[in-house]
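Taking it in order: structure first as structure tokens, then the write-up.
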Amino acid sequence: MVRLTLIARTRDGLPLAEGLDADKEHEMYSYKSQAKGILKKMAASSTRPPPRMSIESGPFTFHYLIDGDVVFLTLAEKAYPKKLAFQYLDELQSEFSRLYGGQIEAVTRPYAFIKFDTFIQKTKKLYLDTRTQRNLAKLNADIAEVHSIMTRNIADVLGQGERLDRMTEMSNALSQDAKQFAVKAKDLYHQALFRKYLPLLVLVGVAVCVLVIKFAL
């Protein structure tokens, strides 16, 4: 069954609408983070991602399709038929484009079309049971495009980005350490100068005091 649905703008990953059962929020938290990672990866890519893809993650599989500048992504159990998952996404894409197709570019705030969740929930219910006559008919339909959709692993999709993030964090940490080291080195240098010239300063101070007292007398 479908567990999570996320609709976002492809070029910057801005979430536009979402479908998630409230009582499954905690359970799906890590997968929602992975979904956002996939969107972030798409937005950062210099090349346009495949228009349709399945990405396996443990006992679940992400399926997504891209239509123009909008990506429709869902998460389902790995055993859930790929045909149904993509037909579910096709239905969302068709209705979303009809309602909001001309507004995507102007959106500046996340979840601007959160009301679309009503349609997501209604459509999701139609795809819950794969054995209904409606869904069996869809499964029996010969959809050649579905057979050619690439399937990848979540570690392959997000791995490179995560390594780059770790390298950036390490670089920032080293830069910060270098700045702290420079400050400490400067302090030690000043302390060394002070210790080196302290006896001389004391002697000069004593000599000045003696001269002052001598002339005062």
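The figures here come from the full heavy-atom set of this structure, side chains too, leaving out hydrogens, waters and symmetry mates.
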inquiry  = Quick check for you: to the nearest 0.5 Å, what is the distance between Ile114 atom CD1 and Glu18 atom CD?
reply    = 6.0 Å

task = Please report the shortest heavy-atom distance between Asp117 and Gly19, naming the atom on each side.
result = OD1-CA, 3.2 Å

inquiry  = Nearest 0.5 Å, please: how far is CG in Leu6 from CG in Leu92?
reply    = 11.5 Å

remark   = In short, Ile66 meets Arg48 closest at the heavy-atom pair CG2-NH2, 3.2 Å

query = Can you tell me how far the CD atom of Glu91 sits from the NZ atom of Lys122, to the nearest 0.5 Å?
reply = 9.5 Å

query = Considering all heavy atoms of both residues, which atom of Leu4 and which atom of Lys32 are nearest to each other, and what is their separation?
reply = CD2-CA, 3.9 Å

inquiry  = Less than 3.5 Å apart, any donor N or O on the side chain of Ser57 or Gln34 sitting next to an acceptor on the other?
reply    = yes

query = Distance from Ile55 atom CD1 to Leu75 atom CG, nearest 0.5 Å?
reply = 10.5 Å

ask   = Considering only heavy atoms from C-beta outward, does the side chain of Lys40 approach that of Leu158 to under 4.5 Å?
value = no

task = Any chance you could measure Ile38, atom CD1, to Ser33, atom OG, to the nearest 0.5 Å?
result = 11.0 Å

message = Is it the case that the side chains of His63 and Thr74 hold a donor-acceptor pair, with the cut-off being a distance below 3.5 Å and no angle test?
response = no

key: All ring pair (Phe, Tyr, Trp, His ring centres under 6.0 Å) counterparts of Phe113, not counting sequence neighbours   = Phe96, Tyr100

note = Residues at least two apart in sequence or cross-chain that pass side chain to side chain donor-acceptor pair (under 3.5 Å) with Glu95, listed by chain then number, are Arg98

inquiry  = Tell me if the NZ atom of Lys125 is crowded by more than 12 foreign heavy atoms within 6.0 Å.
reply    = no

task = For the pair Arg9 and Glu105, find out whether any cationic side-chain nitrogen is under 4.0 Å from an anionic carboxylate oxygen.
result = no

query = In chain order, what residues pass the side chain to side chain contact (heavy atoms under 4.5 Å, CB included) check against Asp67, with sequence neighbours excluded?
reply = Leu65, Phe72, Gln93, Ser97

note = Residue pairs passing the salt bridge (charged side-chain N to carboxylate O under 4.0 Å, His left out) test with at least one member in residues 198-212, sequence neighbours excluded, are none

query = Do you know which two heavy atoms are closest between Tyr64 and Pro49, and how far apart they sit?
reply = OH-CB, 3.9 Å

ask   = Is there side-chain contact between Leu16 and Tyr111, with at least one heavy-atom pair below 4.5 Å?
value = no

Residue pair Arg52, Asp90: steps toward the salt bridge (charged side-chain N to carboxylate O under 4.0 Å, His left out) verdict = CA-CA 11 Å; Arg52 294 174 183 248; Asp90 282 331; 2.8 Å; yes

query = So do the side chains of Phe86 and Ser54 get within less than 4.5 Å of each other, counting heavy atoms only?
reply = yes

note = Across all chains, not counting sequence neighbours, the side chain to side chain donor-acceptor pair (under 3.5 Å) partners of Glu77 are Arg3

ask   = Residues two or more places apart in sequence or in another chain: which of them pass ring pair (Phe, Tyr, Trp, His ring centres under 6.0 Å) with Tyr88?
value = Tyr127

